[in-house]
Peer 1: 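Supplied in structure tokens, the structure appears directly below.
Just so it is clear, the structure is predicted and the values come from calculations on it, not from any experiment. FYI, side chains are in, hydrogens and waters are out, and symmetry mates aren't considered; it's all heavy atoms of this structure. We count residues from 1, following the sequence as given.
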Amino acid sequence: MNKDIPITPELIAQHGLSPEEYQKIVSILGREPNYTELGIFSVMWSEHCSYKSSRAILKGLPTTGCCVVQGPGENAGVIDIGEGLVAVFKIESHNHPSFIEPYQGAATGVGGILRDIFTMGARPVALLNSLRFGNLSNPRNRYLFEHVVAGIAGYGNCMGVPTVGGEVYFDPTYDLNPLVNAFCLGVARREHIFLGQATGIGNPVIYVGSKTGRDGIHGATMASEEFDESSAERRPTVQVGDPFTEKLLLEACLELMKQNFLVGIQDMGAAGLTCSTAEMASRGGTGIEIDLAKVPRREPGMTPYEIMLSESQERMLLVADKGKEAEVAAIFNKWDLECVTIGRVISEKNFRVCENGQLVADIPVNALTDEAPLYVRPRQEPAYLKQVKTAPEIAEPTDYAQLLLNILSRPTISSKEYVYRQYDHMVRTDTGLLPGAGASLIRLKGSKKALALTLDGNSGYCYLDPYTGGMLAVAEAARNLVCTGARPLAITNCLNFGNPEKPEAMWQFEQAVNGISAACQHFDTPVTGGNVSFYNETSGEGIYPTPVIGMVGLLDDIDMRVTPWFKQPGDLIVLLGETKPELGGSEYLKYITGKTMGQLPGFSLIREKNLHSLCLDAINQRLLQSAHDLSEGGLGVALVECCLINKAGGLGVAIGLDSNLRPDICLFSESPSRILVSVKRDNLSALKKLATEYNVPLQSLGEVTPDKVSIQGLLELSLAELDRAWRESIARRLETR
């Protein structure tokens, strides 16, 4: 055994292990670990890899359903979409690396989620991202924002995978801890799904892809701790990506998967070679023995510790049938990639690491996976909730035109064209709905079907009420899909929270997960996998609880798709759902007070589901010209977006408001379960009849007009004025130097 560095309490603490956890390691091994083994345990037992604080709570999520082919536990979730096809999708966080080095942190986040998809046998067809930053008046936040977006664009564009949508929020809670969540969706034949498992005693364990370097060492451990003032100096823990190598790796892996001798395959992501070997052996019920002398390296003098913990990008580990090593190598050599047999599957359920004949690590596989610590952390309702639930009375505004322009120019509300115009969202020619709408559509080649996908989450809601906020995130995602005509099928989630060792953060986490679970059960959208990102805190200040929902749905005929923008003058504008005097957590209240406060709007899963059923039925009967959900900014913002999203031919509106409510409440309340639609005059009576059948309130507001937005008795604004406020807001802020 390698005993080159003495294990001290200080070294144990540096590896993020508690004294109790270290004693458990000693008990499992029956001896003291050596330095390399300590590093292996530290990454595998990190929060990022082991989910030791969240596993107990995540078990309450619904994970099975008629469409689910593969649920949590693999590299990505898989659902059946008919015609022998499956959709493979997953979301992951890359928050900490993106704070330290925003370009590479974001780029390698994209690279990692792409590998999660094609390691399952699916060709990636779409990327989305959910981004959150602090106030753009801060130069550091502007730097993070610009370089994160550039990193996402640089990697995705080079890979030839379209980035078709997502969301971007700005709030001071993210000043020192931006969130970068990457989502990818792929498509495969159902019979061609591959799993990350090592089976077949004696089968070769093969390393493919880039050489191993020192970048990313202890990335998983770094992602499992709070930040402080020195964190920005930790660039060695951030990987460096190469999308051109990843493109070769993707094509080589998919070519290999057409053969019949691949047993299992896994991305070397978090914890690199350590995680991929241990997890594949655990899933296969076997052991693995590897020889580090055979691992391709790009830096001289690397120690076993560094090789095992490196998170260098664009690497995969696979197990093939014994005797097929030459055939595997031929494929990867063709694509100019490293391909080396570094070990074999063994019957003993141990993870053995050797170098030049010397045993440097020998650990029971289950000790790294199934026997990782599991904590039921204390939970306590945060004290701040008593202060933030009461909002002050707001005086009615006197200038509604200026108010609407100001709301539209808020970075969270304004157009994200600055972001998505940097992404190649048309590559592969399957994009059926361009970025800027509530959901995206991807055509399935050779079929009339399309997949609908969206990312949604409102952290302000979860700050005020994480249970309801969790439900609302799922509801908004489903609402965005049904507005296109798609049936919601399943979700993946990225759960971004603070320090789980603080009872308040764990209370928020549990409440949000329970809310997500309740909504998913009601909408029959099981959870196929996801990611938990804890320790999103800097110097003791945590972010708002931020669960992000990635939802996938199916549109049986893409020619039936509905888009959010108005189509022609004279169409009637109709609001489905009821507006109530509910400003708690709204962008309007935040604009007036500068704070996130108030009681969240009342929410009913039954009302929400009725609205979805009405919308889908109306689309199937071809009653709707357009459909757009109401979320941040309420009716006022939705109206303007329906006028401006389609740059090719913007249209205006002339409407009146419900006289029973104050005009600013009508315009900016964020009551849930509402959809703004436009219909031809001849279809209004049929829509009213449907709304009555589904018990959904319906209000006729006005009609589509050629050139301006007019709200009776309140305001009249040209499309040019509105466009300047809404479309140019972010670019103007970035010009401030």
Side-chain angles (χ1 to χ4, degrees), residues 63-90 113-126 161 184-200 203-206 208 249-267 276 279-280 282-286 316-325 327-328 330-332 334-335 345 428 430 442-453 487 489-492 525-529 552-556 558:
T63 58
T64 59
C66 60
C67 69
V68 176
V69 176
Q70 176 63 56
E74 270 291 339
N75 292 292
V78 183
I79 59 172
D80 193 307
I81 54 176
E83 300 180 6
L85 298 175
V86 292
V88 181
F89 59 100
K90 177 81 175 294
I113 199 65
L114 283 164
R115 291 194 300 279
D116 281 339
I117 300 307
F118 70 76
T119 194
M120 299 289 292
R123 178 173 291 278
V125 297
V161 179
C184 186
L185 177 137
V187 176
R189 300 294 306 177
R190 179 164 181 162
E191 65 270 20
H192 290 163
I193 290 298
F194 290 85
L195 303 179
Q197 59 186 16
T199 57
N203 278 339
V205 175
I206 304 173
V208 299
L249 186 62
L250 182 156
E251 298 300 339
C253 287
L254 293 182
E255 181 175 335
L256 173 66
M257 289 166 174
K258 294 177 182 177
Q259 311 304 316
N260 61 1
F261 46 74
L262 180 62
V263 175
I265 183 169
Q266 172 111 346
D267 162 41
S276 54
E279 289 189 350
M280 289 184 76
S282 177
R283 294 191 192 109
T286 60
M316 306 283 271
L317 194 72
L318 56 92
V319 174
D321 287 334
K322 188 175 181 179
K324 296 296 182 179
E325 294 89 337
E327 286 91 333
V328 174
I331 292 173
F332 285 91
K334 167 188 168 183
W335 291 97
V345 180
R428 295 185 54 83
D430 293 327
I442 295 293
R443 298 180 181 89
L444 295 175
K445 279 187 167 64
S447 170
K448 293 182 71 66
K449 293 182 176 182
L451 290 170
L453 45 157
R487 291 179 289 110
L489 294 180
I491 78 161
T492 180
T525 52
V527 182
T528 63
V552 176
L554 185 65
L555 183 60
D556 291 322
I558 194 168

Peer 1: Tell me, do Thr64 and Pro526 make a side-chain contact under 4.5 Å, heavy atoms counted?
Peer 2: no
Peer 1: With sequence neighbours left out, write down each residue that passes side chain to side chain contact (heavy atoms under 4.5 Å, CB included) with Arg190, or none if nothing qualifies.
Peer 2: Val69, Asp80, Val86
Peer 1: Using the test side chain to side chain contact (heavy atoms under 4.5 Å, CB included), find all partners of Ala122 that sit at least two apart in sequence or belong to another chain.
Peer 2: Val88, Ile117, Ala188
Peer 1: Which residues pass the side chain to side chain donor-acceptor pair (under 3.5 Å) test with Asp267, sequence neighbours left out?
Peer 2: Arg115
Peer 1: Excluding sequence neighbours, so at least two apart, what forms salt bridge (charged side-chain N to carboxylate O under 4.0 Å, His left out) with Lys322?
Peer 2: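 Testing Lys322 for salt bridge (charged side-chain N to carboxylate O under 4.0 Å, His left out), a comparison that skips the adjacent residues, returns none.
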Peer 1: Side chain to side chain contact (heavy atoms under 4.5 Å, CB included) between Leu256 and Leu318: does it pass, once the steps are laid out?
Peer 2: CA-CA 11 Å; Leu256 173 66; Leu318 56 92; 3.7 Å; yes
Peer 1: Checking Arg487 side chain against Asp556 main chain: does a donor-acceptor pair fall under 3.5 Å?
Peer 2: no
Peer 1: Nearest 0.5 Å, what's the CG-CG distance between Asp321 and Asn260?
Peer 2: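 Interatomic distance, Asp321 CG to Asn260 CG, rounded to 0.5 Å: 7.5 Å.
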Peer 1: Quick one: pull up CG in Leu489 and CG in Leu453 and give me the separation to the nearest 0.5 Å.
Peer 2: 11.5 Å
Peer 1: Evaluate the side-chain proximity of Phe118 to Met316: yes if any heavy-atom separation is below 4.5 Å, no if none is.
Peer 2: yes
Peer 1: Using the test side chain to side chain donor-acceptor pair (under 3.5 Å), find all partners of Ser282 that sit at least two apart in sequence or belong to another chain.
Peer 2: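 For Ser282, the residues satisfying side chain to side chain donor-acceptor pair (under 3.5 Å) (neighbours in sequence not counted) are Thr369.
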Peer 1: By salt bridge (charged side-chain N to carboxylate O under 4.0 Å, His left out), which residues pair with Asp430, not counting sequence neighbours?
Peer 2: Lys445
Peer 1: Using the salt bridge (charged side-chain N to carboxylate O under 4.0 Å, His left out) criterion, which residues pair with Glu83? Sequence neighbours excluded.
Peer 2: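 Counting only residues at least two positions away or on another chain, Glu83 forms no salt bridge (charged side-chain N to carboxylate O under 4.0 Å, His left out).
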Peer 1: When you measure from the side chain of Thr199 to the backbone N and O of Gly284, does any donor-acceptor pair fall under 3.5 Å?
Peer 2: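 A pair under 3.5 Å: no.
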Peer 1: Nearest 0.5 Å, what's the NZ-CD1 distance between Lys324 and Ile331?
Peer 2: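 Here the interatomic distance stands at 11.0 Å.
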Peer 1: Identify, with sequence neighbours excluded, every residue that meets side chain to side chain donor-acceptor pair (under 3.5 Å) alongside Arg189.
Peer 2: none
Peer 1: Find the distance between CG (Leu554) and CD1 (Ile79) and round it off to the nearest 0.5 Å.
Peer 2: 8.0 Å
Peer 1: Holding to salt bridge (charged side-chain N to carboxylate O under 4.0 Å, His left out), I want the full list of residues that pass it with Lys449, two or more places apart in sequence or in another chain.
Peer 2: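 Lys449 satisfies salt bridge (charged side-chain N to carboxylate O under 4.0 Å, His left out) with no residue once adjacent residues are dropped.
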Peer 1: So, using side chain to side chain donor-acceptor pair (under 3.5 Å) as the criterion, who are the partners of Glu251 when residues are at least two apart?
Peer 2: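 Partners of Glu251 by the side chain to side chain donor-acceptor pair (under 3.5 Å) criterion, ordered by chain and then number, come out as Arg123, Lys247.
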Peer 1: If I take atom CG from residue Leu250 and atom CH2 from residue Trp335, how far apart are they, to the nearest 0.5 angstrom?
Peer 2: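 The CH2 atom of Trp335 is 9.0 Å from CG of Leu250, to the nearest 0.5 Å.
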Peer 1: Distance-only, no hydrogens or angles: does the Thr286 side chain make a donor-acceptor pair with backbone N or O of Ala198 under 3.5 Å?
Peer 2: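 Answer holds: yes.
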Peer 1: Whether the side chain of Thr528 engages the backbone of Val78 through a donor-acceptor N/O pair (distance < 3.5 Å, no angle test) should be reported.
Peer 2: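 Checked: no pair found.
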Peer 1: Going through the distances and angles, do Val263 and Val345 end up as a side chain to side chain contact (heavy atoms under 4.5 Å, CB included)?
Peer 2: CA-CA 11 Å; Val263 175; Val345 180; over 6 Å; no
Peer 1: Could you name each residue pair satisfying side chain to side chain donor-acceptor pair (under 3.5 Å) that touches residues 69-79, not counting sequence neighbours?
Peer 2: Asn75-Gln266
Peer 1: Which residues pass the side chain to side chain contact (heavy atoms under 4.5 Å, CB included) test with Lys334, sequence neighbours left out?
Peer 2: Glu255
Peer 1: How long is the span from the CD1 atom in Ile442 to the CG atom in Leu555, to the nearest 0.5 Å?
Peer 2: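 If I round to the nearest 0.5 Å, the distance is 12.5 Å.
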